[in-house]
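Report on the following structure.
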Amino acid sequence: AQSVTQLDSQVPVFEEAPVELRCNYSSSVSVYLFWYVQYPNQGLQLLLKYLSGSTLVKGINGFEAEFNKSQTSFHLRKPSVHISDTAEYFCAVTSNNNDMRFGAGTRLTVKP
Amino acid sequence: KAGVTQTPRYLIKTRGQQVTLSCSPISGHRSVSWYQQTPGQGLQFLFEYFSETQRNKGNFPGRFSGRQFSNSRSEMNVSTLELGDSALYLCASSLRAYNEQFFGPGTRLTVL
C-alpha cells in the first residue's frame, strides 16, 4: 500500500524568503507524484506533477519539486514566496491500479 | 473547457437524514473520485468510478455510496447522517483512472 508523509504541518515564512515543504512517500511500485494547493473554501489545484523523466519538475506560480527515488522524497520548493502563496499544500502519490493517497497537508503562512 | 462542478456548494442537514451530492466531471473525463476532507482526518478517499464501475473504495461505512452515470456524472449518497459526517466533500475527475486529478470546489456539508 502507498502512503505519504508531509513532515511539517505548519510552515511560517517571511515574504520573499525561500521555502521548502517536505514530502516522503512509501510504495513498493513505481509512483506518480503530485503537489496540490488549496486556498480557503476552494478545491485543490494542481501545482506540479512527476510522472517520469527529469527528476526536477517545474510547476505553476514559481514552484518546483525534485523527485528523489533513493530517499523516496518529493520536496516542494520556491525561491521567493509571496503573501498570496499562503495556503494549504498537499503531496499525493498514485500508481497503476491504485487510488491517489494524500498527505495530511502543510499550512504555509507567508508573513509580511 | 469547463472545470469540475459540484452541486450544491453548501448543505445543512440534521442527524438521521440522507443527502445526495452531485459531481459533473470535465468533458471527456471518465474517472471520478470522491474525497472527504475534515480538519481532523485530512483528505480521505471515499471511492473512485470509471466508466460507471466502482474500481476502488476507501475505508468508509456502507452508509456512503455512490454511482456514475453513462455521461460520467457522478453522485454520492450518505444515509442516516451523523454529526461526524460534517465535512467538505470533494470530487475529482481525470482522463484515465490513476492519473492527474482535477478537483471541483467541493460541497460543504454540515450535520446538525
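Because the structure is predicted, anything quoted here is derived from the model rather than measured. Convention: sequence-line order gives letters A, B, ...; per-chain numbering from 1.
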Sort by residue number and list every residue of residues 35-44 of chain B having at least one heavy atom under 4.5 Å from chain A. Y35(B), Q37(B), L43(B)
Do F102(A) and L76(A) belong together in a cluster built from hydrophobic side chains that touch within less than 4.5 Å? no
Check whether L11(B) and L88(B) end up in the same hydrophobic cluster, where Ile, Leu, Val, Met, Phe, Trp and Tyr are linked by side-chain heavy atoms less than 4.5 Å apart. no
Okay, Q38(A) and chain B: the region with an atom under 4.5 Å from a heavy atom over there is side chain
Is it true that, when you exclude N59(B) itself, more than 12 heavy atoms of the residues, nucleotides or ligands shown sit nearer than 6.0 Å to its CG? no
Group every Ile, Leu, Val, Met, Phe, Trp and Tyr by side-chain heavy-atom contacts under 4.5 Å, then state whether M100(A) and Y25(A) land in the same group. no
Within residues 43-59 of chain A, which residues come under 4.5 Å of chain B, heavy atom to heavy atom? G43(A), L44(A), L46(A), K49(A)
So, do E100(B) and F34(A) sit near enough that their side-chain heavy atoms are less than 4.5 Å apart? yes
Would I60(A) and Y39(A) show up in the same hydrophobic cluster when neighbours are defined by side-chain heavy atoms closer than 4.5 Å? yes
Near R63(B) CZ, under 6.0 Å, is it more than 12 heavy atoms from other residues, nucleotides or ligands? yes
Please check if atom CZ in F69(B) has more than 12 non-hydrogen atoms from other residues, nucleotides or ligands closer than 6.0 Å. yes
Co-membership, hydrophobic cluster, residues L33(A) and F90(A), 4.5 Å side-chain: no
